[in-house]
Amino acid sequence: MSADFWAGYISGAAGILIGNPLDLVKTRLQAGNATPNVESGSIYTAPASTTVTRRSFTQHFDRAGTLVKGTTAPLLGYGALNAILFVTYNRTLTALYDSPELPASLAKVWCAGAAGGLASFVVSAPTELIKCRAQVSRDHATNSFTIFKDVWKRDGIRGLYYGGGITSVRDAFGYGWYFWTYEWSKQALSSPTDTDGQTAMKVLFCGGLAGVITWASIFPLDVIKTRVQTQVLDAPILGAGEGEALLGRTQKRPLTTLEVARTAYQTEGSGVFFRGLGVCSIRAFVVNAVQWAVYEWMMRLLRQP
């Protein structure tokens, strides 16, 4: 396979191993209070006023295994996702008559990044669904495999792509800014006189900056996506007061993306769409700095004769 495929795959897997603990906190903050449902393999998201938001940072890691909870799905899937992302990005930029190594048009970079994000949805939608449900569940017996098996048994492949619409929009928009920010900052900071050490440090900084900008641009979409994917039926739709059913209704069908967004706003206010952004930004800087450094290093290594 091509160099950019393997460079993307390895850098994606490295990012997951480094960023999973903070990603777990981010997901739990986004989802709200989680009540495990062993039969359905999913959970119900409740208002932020409940237990989960009062937990300290360390309480999210109640046992050693929590550090890697939900890692299996993204570790297997995110490497493939990153490979598809970078291959599609490079091929699209070439098709737009620009150079992946030193692109001249940042507009084309954004379009190529969006195309890569849209293509990666094939992997990201089921990976995100399994990861989020595994991370939010507080049943220690629940893992990525049991969730996958339950979803497949109940809904088949369609179930794995639940929430796929909002995921594809998030990925296309986010990765457009991801590649745009990285190329813009790298071109602005790079100099022909840079030493290898200076180049490496700038790659780390530009990669980290790209991650932070990307997540800031799509975070409300990601909150909605997380809540869409972690719903469970036959749970009360809570109102503004803790334990209060919204309009006396019980959830008998999955809420649509718009219904999830509207309910979250009505019950928790606009702040809910940015809950966990601080943790996510720290994680994004570290993970994407490492991912870009690994990607650039792997590309140089694999292109050597």
Side-chain angles (χ1 to χ4, degrees), residues 1-16 19 74 77-128 161 164-190 199 202-222 225 284-285 287-303:
M1 293 185 183
S2 60
D4 51 359
F5 178 91
W6 287 114
Y9 197 102
I10 294 171
S11 64
I16 287 297
Y78 199 70
L81 182 155
N82 230 40
I84 293 171
L85 173 67
F86 277 94
V87 168
T88 305
Y89 168 76
N90 289 331
R91 301 300 183 274
T92 302
L93 205 52
T94 301
L96 293 174
Y97 303 102
D98 210 336
S99 169
E101 287 76 25
L102 189 61
S105 170
L106 289 176
K108 291 181 180 179
V109 166
W110 195 95
C111 291
L118 193 59
S120 67
F121 144 80
V122 176
V123 175
S124 67
T127 299
E128 284 285 311
Y161 282 88
I166 187 68
T167 304
S168 63
V169 172
R170 181 203 68 164
D171 289 351
F173 187 76
Y175 281 118
W177 288 116
Y178 183 65
F179 285 98
W180 186 95
T181 304
Y182 180 74
E183 287 298 337
W184 169 77
S185 57
K186 190 171 75 168
Q187 291 180 23
L189 296 175
S190 296
T199 299
K202 289 178 180 179
V203 166
L204 287 169
F205 176 79
C206 293
L209 180 63
V212 172
I213 295 298
T214 298
W215 277 105
S217 71
I218 64 169
F219 202 77
L221 292 175
D222 192 61
K225 176 207 68 71
F285 189 92
V287 168
N288 288 284
V290 171
Q291 279 191 176
W292 273 108
V294 172
Y295 176 80
E296 298 277 15
W297 175 70
M298 287 297 300
M299 287 294 286
R300 286 197 299 271
L301 183 66
L302 295 172
R303 282 174 174 170

Worksheet item: Could you state the interatomic distance from CZ (F285) to CZ (F205), rounded to the nearest 0.5 Å?
Response: 6.0 Å
Worksheet item: Counting only N and O atoms by type, is there a donor-acceptor contact under 3.5 Å from the side chain of T88 to the main-chain atoms of L85?
Response: no
Item to complete: Would you indicate whether the side-chain heavy atoms of V169 and L221 approach each other to under 4.5 Å?
Response: yes
Worksheet item: W6 vs Y9 aromatic rings, parallel, tilted or perpendicular, using cut-offs 30° and 60°?
Response: tilted
Practice prompt. Write out all pairs satisfying salt bridge (Lys or Arg N to Asp or Glu O under 4.0 Å) with one or both partners inside residues 92-108, taking only residues at least two apart or from two chains.
Written response: E101-R303
Worksheet item: Quick check, are the ring centers of F86 and Y175 under 6.0 angstrom apart?
Response: no
Worksheet item: How long is the gap from CZ on F219 to NZ on K225, to the nearest 0.5 Å?
Response: 10.5 Å
Discussion item. For the backbone of Q187 and the side chain of S190, can you confirm whether one donor and one acceptor N or O come within less than 3.5 Å of each other?
Written reply: no
Worksheet entry | Heavy-atom pair of closest approach, residues T167 and S124 | CG2-OG, 3.6 Å
Discussion item. Going by the rule side chain to side chain contact (heavy atoms under 4.5 Å, CB included), which residues pair with Y161 if we only count those two or more places apart in sequence or in a different chain?
Written reply: F121, V122, A125, P126, I157
Practice prompt. Specify the closest pair of heavy atoms between G207 and N288, including all atoms of both residues, with the distance to one decimal.
Written response: O-CB, 3.2 Å
Discussion item. Once salt bridge (Lys or Arg N to Asp or Glu O under 4.0 Å) is applied, what residue pairs with a partner in residues 289-299 remain, sequence neighbours excluded?
Written reply: K186-E296
Discussion item. For a side-chain contact (heavy atoms from CB on, under 4.5 Å) check, start with the C-alpha distance between F179 and W110, then their side-chain angles and the critical distance, and finish with the verdict.
Written reply: CA-CA 6 Å; F179 285 98; W110 195 95; over 6 Å; no
Item to complete: Compare every heavy atom of L93 with every heavy atom of P103, then report the nearest pair and how far apart it is.
Response: CB-CD2, 3.9 Å
Item to complete: Under the side-chain hydrogen bond (donor to acceptor under 3.5 Å, both in side chains) rule, collect the residues that match up with W292, sequence neighbours excluded.
Response: Y178
Practice prompt. Output all residues satisfying side chain to side chain contact (heavy atoms under 4.5 Å, CB included) with D4, sequence neighbours left out; order by chain, then residue number.
Written response: S2, V87, N90, R91, Y295, M299
Response to the item:
Rounded to the nearest 0.5 Å, the OH atom of Y89 sits from the SG atom of C111 at a distance of 11.0 Å
Worksheet item: Taking atom CD1 of I10 and atom CG of N82, what is their separation to the nearest 0.5 Å?
Response: 11.0 Å
Worksheet entry | Value rounded to 0.5 Å, distance of CG in L118 from CD1 in I84 | 11.5 Å
Worksheet item: How long is the span from the CG atom in L302 to the CZ atom in F5, to the nearest 0.5 Å?
Response: 12.0 Å
Worksheet item: Is there any salt bridge (Lys or Arg N to Asp or Glu O under 4.0 Å) pair reaching into residues 203-222, and which pairs are they, with sequence neighbours excluded?
Response: K26-D222, R170-D222
